[in-house]
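Please read all numbers here as calculations on a predicted model, not as lab measurements.
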Amino acid sequence: LYGDLAFFKSPSDGEATTESTQVTLTAIQFEIVPGDVDGNINRALEQVSALSLPSSGDSLTVFPAFTLTGRPANAEEVAAWSESDIGKTVQVLGDFATHARSYVVGSHIERGENGFYHSAVLLSPEGKLLGNYRQTHLSDRDRDLFLPGDDFSVISTTIGRIGLLLADDVRYPEASGVLALRRADLIAIPTHWSGEYGAYLLDAEGLFAHGYPANTMNFWYSVAKTSQAYTVVANHIGRGAQGSSGVFTINPVDAFPPKVASTDAAESST
């Protein structure tokens, strides 16, 4: 997985984006009830309908992990809620993308040939599936339910190069490090964080030109800062989830602080 880090030699390459683009970044959070697909779609649609995004398609909107099904509790739910790589989740997220005229990222349980994966998907503003990523770093709990992916994903789009990560991937700086070396401009992270790792950022606020929200999750903040890629993280609320979804910037100290949602309300952070 970390071969790019081991053999990296040059600070530049032909894949790097050379033109700047004004992009609207949005993290959406809402309560995702396990197994309640129709209810989860309606709760997500409420947030999508409230968005005000540019009609040009120069935007990226990220949804929480297990966007339609919720996080499975056991192998039986994994099997029952699994989909093909172009199943219902991809179709619904494609509808959201065309409705909002935005690139969209969410995740689902992908049914593979040899087992199941937790997979992120990227849809274009026209609703087309552009690429996916299978989570590579699994928690002890999820290791019993899913197979790990075997590579990272950075996808070229009209708004820049978008890297994908999922959930516990943020615990390993090498993951976002590989995306940085592959010249990701943006990193999208659907997650289901309940405080089981990481913490809220505790840094000397006097060092920051504009401070930072009290519930800034330190791992998400660090992904953006160390990879120098604007990072959009979408989390669940309710059932122990701690929300705090947001947009994390590449210069939070001198320039732009993170934009972070609350810990417990259905809302978007842009």
Side-chain angles (χ1 to χ4, degrees), residues 24-55 57 59-73 77 80-110 118-133 135 162 164-167 186 188-194 220 231-247 259-270:
T24 301
L25 305 176
T26 303
I28 287 181
Q29 67 179 30
F30 58 97
E31 183 175 8
I32 301 179
V33 179
D36 182 17
V37 172
D38 291 340
N40 294 332
I41 291 174
N42 289 333
R43 283 181 282 274
L45 183 58
E46 287 179 9
Q47 298 302 313
V48 173
S49 299
L51 294 177
S52 179
L53 299 176
S55 59
S59 60
L60 171 64
T61 304
V62 181
F63 290 84
F66 303 110
T67 310
L68 301 190
T69 63
R71 188 182 186 186
E77 289 182 347
W81 299 349
S82 65
E83 308 171 11
S84 70
D85 56 354
I86 52 171
K88 185 167 187 175
T89 295
V90 169
Q91 295 170 28
V92 170
L93 291 176
D95 290 342
F96 289 165
T98 57
H99 179 87
R101 290 296 302 160
S102 176
Y103 288 92
V104 161
V105 173
S107 82
H108 67 134
I109 303 168
E110 180 191 352
H118 181 204
S119 296
V121 291
L122 171 65
L123 286 300
S124 75
E126 296 75 33
K128 179 182 177 181
L129 178 64
L130 299 179
N132 73 330
Y133 160 72
Q135 186 177 344
I162 300 175
L164 303 176
L165 293 177
L166 284 164
L186 308 167
I189 310 177
T191 193
H192 48 74
W193 182 65
S194 301
W220 304 341
T231 299
V232 188
V233 184
N235 191 27
H236 299 223
I237 59 168
R239 302 172 185 271
Q242 296 189 18
S244 306
S245 307
V247 177
K259 296 286 189 71
V260 178
S262 68
T263 61
D264 57 3
E267 58 185 297
S268 62
S269 182
T270 301

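Between the side chain of Ser269 and the backbone N or O of Lys259, at least one donor-acceptor pair lies under 3.5 Å. Formation of a donor-acceptor pair under 3.5 Å by the Arg101 side chain with backbone atoms of Gly57 is not found in this model. Side-chain atoms of Asn235 do not come within 3.5 Å of backbone N or O of Ser244 as any donor-acceptor pair. Although no hydrogens or angles enter the test, the distance criterion places no donor-acceptor pair under 3.5 Å between the side chain of Asn132 and the main chain of Val121. Looking at His236, its side chain does come within 3.5 Å of a backbone N or O of Ala65 through a donor-acceptor pair. Gln29 places no side-chain N or O within donor-acceptor distance of the main-chain N or O of Pro64, the cut-off being under 3.5 Å.
For Glu126 and Ser124, the side-chain atoms include at least one donor-acceptor pair closer than 3.5 Å. Between the side chains of Thr26 and Thr270, a donor-acceptor pair is found at a separation under 3.5 Å.
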Please assess Arg239 against Ser194 for the test side-chain contact (heavy atoms from CB on, under 4.5 Å), listing each intermediate value before the final yes or no. CA-CA 9 Å; Arg239 302 172 185 271; Ser194 301; over 6 Å; no

What verdict does the side-chain contact (heavy atoms from CB on, under 4.5 Å) test give for Ile41 and Leu68, after you've listed the backbone C-alpha separation in whole Å, the side-chain angles of each residue and the deciding distance to 0.1 Å? CA-CA 6 Å; Ile41 291 174; Leu68 301 190; 3.6 Å; yes

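The shortest distance between side-chain heavy atoms of Tyr103 and Ser59 does not fall below 4.5 Å. Counting heavy atoms from C-beta outward, Pro34 and Phe66 have side chains that stay 4.5 Å or more apart. You'll find the side chain of Thr191 reaches within 4.5 Å of the side chain of Trp220, heavy atoms only. Annotation: side chain of His108 is not in contact with side chain of Leu93 (no heavy-atom distance under 4.5 Å). In this structure, the side chains of Gln135 and Ser107 stay at 4.5 Å or more apart for every pair of heavy atoms.
Separation of atoms OG1 (Thr69) and CD1 (Ile109) is listed at 4.5 Å; rounding is to 0.5 Å. We find the CD1-CD distance between Ile237 and Glu267 to be 8.0 Å, quoted to the nearest 0.5 Å. The CG atom of Leu165 sits 5.0 Å away from atom CD1 of Ile189, with the distance rounded to the nearest 0.5 Å. Taking CD1 from Ile162 and CG from Leu130, the interatomic distance works out to 8.0 Å, rounded to the nearest 0.5 Å. Expressed to the nearest 0.5 Å, how far CZ of Arg71 lies from NE2 of His192 amounts to 4.0 Å. Rounded to the nearest 0.5 Å, atoms CG (Leu122) and CG (Leu129) are 8.0 Å apart.
Considering every non-hydrogen atom in both Leu60 and Val104, the closest pair reads CD1-N, 4.5 Å. When all heavy atoms of Pro72 and Trp81 are compared, the pair lying nearest together is CA-CZ3, 3.6 Å. The two residues Ile28 and Ser268 come nearest to each other via the heavy atoms CG1-CB, 4.0 Å. Of all non-hydrogen atoms in Glu110 and Ser119, the two that sit nearest each other are OE1-OG, 2.6 Å.
Under the side chain to side chain contact (heavy atoms under 4.5 Å, CB included) rule, Val105 has a single partner from Val62, Leu123, Thr67, Thr61, which is Val62.
Between Phe30 and Phe63, the ring planes lie perpendicular to each other; the angle is over 60°, past the 30° to 60° tilted range.
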